[in-house]
*Asks:* 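If you scroll down you'll find the structure; I have some questions about it.
For this chain, numbers begin at 1 and follow the sequence in order. Note: hydrogens, waters and symmetry copies are ignored here, and every other heavy atom, side chains too, is used.
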Amino acid sequence: MAKKFYVIWSGRRTGVFTDWSDVQPLVEGFAGARHKSFPTRAEAEAAFRAGKPATASRPRKTGMKTAKKTANETASAAATAEIRIYCDGACEPNPGSAGSGIVVYAQGALTQLWYGLYHQGTNNTAELNALHHALLMSEQAILAGHTVDVLSDSKYAINCISVWAPGWEANGWRKASGEIRNLDIIQDTYKIYTRIQDEATLHHVSAHVGTEGNELADRMAMYAVLSKQKELKRYEGELDVATILKMRSG
């Protein structure tokens, strides 16, 4: 029998393996497990680095400054981190009642849902608040020795913190075109980002395309709006994905 090489992108451990007996206990019963066999080690290692099967031909979308991966590809690449944190904001109407949601996965398993930060604002302020607290959670995870990825569907929030803020800071927190909206939360969030940017990775994920973490964060953000929960609070209900996804979306 020809030898096979196995890639695990999401499982109890990730990497390239040479025996199915090693792979099986790492993926069986693991929610969201992703793995595949390859005929050569070179193909397996290339596929693992890419974060998706080497045979995948899904086209890339363009966005922000360079070509971006599709939502599922981005989520798969992020799955190599021990901790994944999805964050989202909702506002109804916009501007109006705003709230934020955060979802935490550890080793590929859903572990925590958070909702709150209710205020009268905009979708952008809700997204920034969500990212702010997601980065705070990331900092604590990094201090505990974990690798972390943060995922948001807000290009605005991501650009504010990781693309535009360095230039704004260098220019005395001013921009040529006028006022920087939401400056206080941007400055506070940027301070956190600068502390952890070498250890945490910030990803953009497309909204409402079925990415579980993003959909759950959306439901938590809308739950914050409906409940008018001002403090960020851990969701105390059962972590039943199908049930939570039936909650109102933003």
*Asks:* In Å and rounded to the nearest 0.5 Å, what is the CD1 to CD1 distance from I185 to I161?
*Replies:* 7.5 Å
*Asks:* Honestly curious: do I85 and L136 fall in one hydrophobic cluster under the side-chain, below-4.5 Å linking rule?
*Replies:*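 Yes: a chain of side-chain contacts under 4.5 Å links I85 to L136.
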*Asks:* Short question: side chain of Q229, backbone of A224 - any donor-acceptor pair under 3.5 Å?
*Replies:*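 No, Q229 side chain to A224 backbone: no donor-acceptor pair under 3.5 Å.
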*Asks:* Could you state the interatomic distance from OG (S138) to CD (Q197), rounded to the nearest 0.5 Å?
*Replies:* 13.0 Å
*Asks:* If every non-hydrogen atom of G213 is compared with every non-hydrogen atom of V103, which pair is closest and at what distance?
*Replies:*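 Looking at all heavy atoms of both residues, the closest pair is O-CG2, 3.8 Å.
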*Asks:* Considering only heavy atoms from C-beta outward, does the side chain of R181 approach that of T125 to under 4.5 Å?
*Replies:* no
*Asks:* Do you reckon M222 sits in the same ILVMFWY cluster as I102, going by side-chain contacts under 4.5 Å, direct or chained?
*Replies:*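 No, M222 does not connect to I102 through the hydrophobic network.
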*Asks:* Are more than 12 heavy atoms, taken from residues, nucleotides or ligands other than R195, located less than 6.0 Å from that residue's CZ atom?
*Replies:*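 For R195, atom CZ is crowded (more than 12 foreign heavy atoms under 6.0 Å).
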*Asks:* On a heavy-atom basis, which atom in R41 and which in T18 lie closest, and how many Å separate them?
*Replies:*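 Shortest heavy-atom separation between R41 and T18 comes out as NH2-CG2, 3.3 Å.
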*Asks:* Are side-chain heavy atoms of W164 and I180 found at a separation under 4.5 Å?
*Replies:* no
*Asks:* I would like to know whether E215 and H208 meet side-chain contact (heavy atoms from CB on, under 4.5 Å); could you show each step before the answer?
*Replies:* CA-CA 6 Å; E215 296 291 349; H208 304 300; 3.7 Å; yes
*Asks:* What I'd like to find out is whether the side chain of W114 reaches to under 4.5 Å of the side chain of H133, using heavy atoms alone.
*Replies:* no
*Asks:* Around E231, counting heavy atoms of other residues, nucleotides and ligands shown, do more than 12 lie under 6.0 Å from its CD?
*Replies:*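 Atom CD in E231 is not crowded, with 12 or fewer foreign heavy atoms closer than 6.0 Å.
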*Asks:* Report yes or no: does T122 contribute a side-chain atom to a donor-acceptor pair with the main-chain N or O of P95 at less than 3.5 Å?
*Replies:*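 Not a single qualifying donor-acceptor pair exists.
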*Asks:* Run through N124, N123, N182 and flag the one making a side chain to side chain donor-acceptor pair (under 3.5 Å) with Y156.
*Replies:* N182
*Asks:* Please check this pair: side chain of D88 against backbone of A221, looking for a donor-acceptor N/O pair closer than 3.5 Å.
*Replies:*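 Pair absent, no side-chain N/O of D88 close to backbone of A221.
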*Asks:* What do the steps show when you test I244 against M220 for side-chain contact (heavy atoms from CB on, under 4.5 Å), and what is the final call?
*Replies:* CA-CA 9 Å; I244 295 167; M220 288 295 102; 4.1 Å; yes
*Asks:* Side chains of V150 and L131: closer than 4.5 Å at any heavy-atom pair?
*Replies:*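 Contact flag for V150/L131 side chains = yes.
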*Asks:* Angle between ring planes, Y190 versus W173, binned at 30° and 60°: parallel, tilted or perpendicular?
*Replies:*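 Judged by the thresholds at 30° and 60°, the geometry between Y190 and W173 is perpendicular.
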*Asks:* Could you tell me whether K175 atom NZ has more than 12 heavy atoms of other residues or ligands within 6.0 Å of it?
*Replies:* yes
*Asks:* Do you know which two heavy atoms are closest between L135 and I196, and how far apart they sit?
*Replies:* O-CD1, 3.7 Å
*Asks:* Please report the closest heavy-atom contact between L110 and Y105, naming both atoms and the distance.
*Replies:*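 Smallest heavy-atom distance, with atoms named: N-CD2, 3.5 Å.
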*Asks:* Compute whether any side-chain donor of one residue and acceptor of the other, for D240 and T243, lie under 3.5 angstrom apart.
*Replies:*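 T243 and D240 do have a side-chain donor-acceptor pair below 3.5 Å.
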*Asks:* Counting distance only, does the side-chain N/O of N171 pair as donor-acceptor with the main-chain N or O of R174 below 3.5 Å?
*Replies:*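 Indeed, once roles are kept as given, a pair shorter than 3.5 Å links the two residues.
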*Asks:* State the CG-OG1 distance between N129 and T189, to the nearest 0.5 angstrom.
*Replies:*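 If I round to the nearest 0.5 Å, the distance is 7.5 Å.
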*Asks:* Which pair of non-hydrogen atoms, one from A126 and one from G89, has the smallest distance, and what is that distance?
*Replies:*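 Shortest heavy-atom separation between A126 and G89 comes out as CB-CA, 3.7 Å.
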*Asks:* Determine, stepwise, if the pair E199 / T147 fulfils side-chain hydrogen bond (donor to acceptor under 3.5 Å, both in side chains).
*Replies:* CA-CA 7 Å; E199 288 83 25; T147 56; over 6 Å; no
*Asks:* I'd like to know if the side chain of N159 reaches the main chain of K155, judged simply by a donor and an acceptor atom lying under 3.5 Å from each other, with no hydrogens or angles considered.
*Replies:*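 Checking the backbone N and O of K155 against the side chain of N159, a donor-acceptor pair under 3.5 Å is found.
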*Asks:* Indicate the ring-plane relationship of Y115 and Y223, choosing parallel, tilted or perpendicular according to the 30° and 60° boundaries.
*Replies:*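 Taking Y223 first and then Y115, their aromatic rings sit tilted (interplane angle of 30° to 60°).
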*Asks:* Check whether L202 and L128 end up in the same hydrophobic cluster, where Ile, Leu, Val, Met, Phe, Trp and Tyr are linked by side-chain heavy atoms less than 4.5 Å apart.
*Replies:*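 Yes, it is one cluster - the side chains of L202 and L128 are joined through contacts under 4.5 Å.
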*Asks:* To the closest 0.5 Å, what do you measure between CD1 (I186) and CD (E169)?
*Replies:*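 Those atoms lie 12.5 Å apart.
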*Asks:* When you group the ILVMFWY residues by side-chain heavy-atom contacts below 4.5 Å and let the links chain together, are I158 and Y193 in the same group?
*Replies:*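 Yes: a chain of side-chain contacts under 4.5 Å links Y193 to I158.
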*Asks:* Mind checking the CG-CZ spacing from L113 to R219? Nearest 0.5 Å is all I need.
*Replies:*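 So the CG of L113 and the CZ of R219 are separated by 12.0 Å.
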*Asks:* With side chains defined as the heavy atoms from C-beta onward, is the minimum distance between E127 and S152 less than 4.5 Å?
*Replies:*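 Yes, close enough: below the 4.5 Å cut-off.
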*Asks:* Could you check whether any side-chain heavy atom of D153 comes within less than 4.5 Å of a side-chain heavy atom of Y86, counting everything from C-beta outward?
*Replies:* no
*Asks:* For the pair S206 (side chain) and V209 (backbone), establish whether a donor and an acceptor sit closer than 3.5 Å, ignoring hydrogens and angles.
*Replies:*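 Such a contact is absent between S206 side chain and V209 backbone.
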*Asks:* Can you tell if the side chain of K36 reaches within under 4.5 Å of the side chain of V7, non-hydrogen atoms only?
*Replies:*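 No, every pair of side-chain atoms sits at 4.5 Å or beyond.
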*Asks:* So, T111 side chain and V104 main chain: donor-acceptor pair closer than 3.5 Å or not?
*Replies:* yes
*Asks:* Please report the interatomic distance NZ(K228) to CD(Q120), rounded to the nearest 0.5 Å.
*Replies:* 8.0 Å
*Asks:* Kindly determine whether Q112 and R234 satisfy side-chain contact (heavy atoms from CB on, under 4.5 Å), including the steps that lead there.
*Replies:* CA-CA 7 Å; Q112 299 176 24; R234 187 164 176 174; 3.3 Å; yes
*Asks:* Are Y118 and S227 packed together at the side-chain level, in the sense that at least one heavy-atom pair is separated by less than 4.5 angstrom?
*Replies:*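 Sidechains of S227 and Y118: no contact.
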*Asks:* Quick check: closest heavy atoms across G99 and V225, and the distance to 0.1 Å?
*Replies:*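 Scanning both residues completely, I find the closest heavy atoms to be N-CG2, 3.4 Å.
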*Asks:* Can you list the steps and then say if I83 with D149 is a side-chain contact (heavy atoms from CB on, under 4.5 Å)?
*Replies:* CA-CA 6 Å; I83 306 294; D149 285 289; over 6 Å; no
*Asks:* For G250, does its backbone N or O pair with a side-chain atom of D218 as donor and acceptor, under 3.5 Å?
*Replies:*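 The answer is yes, because a donor-acceptor pair under 3.5 Å joins these two groups.
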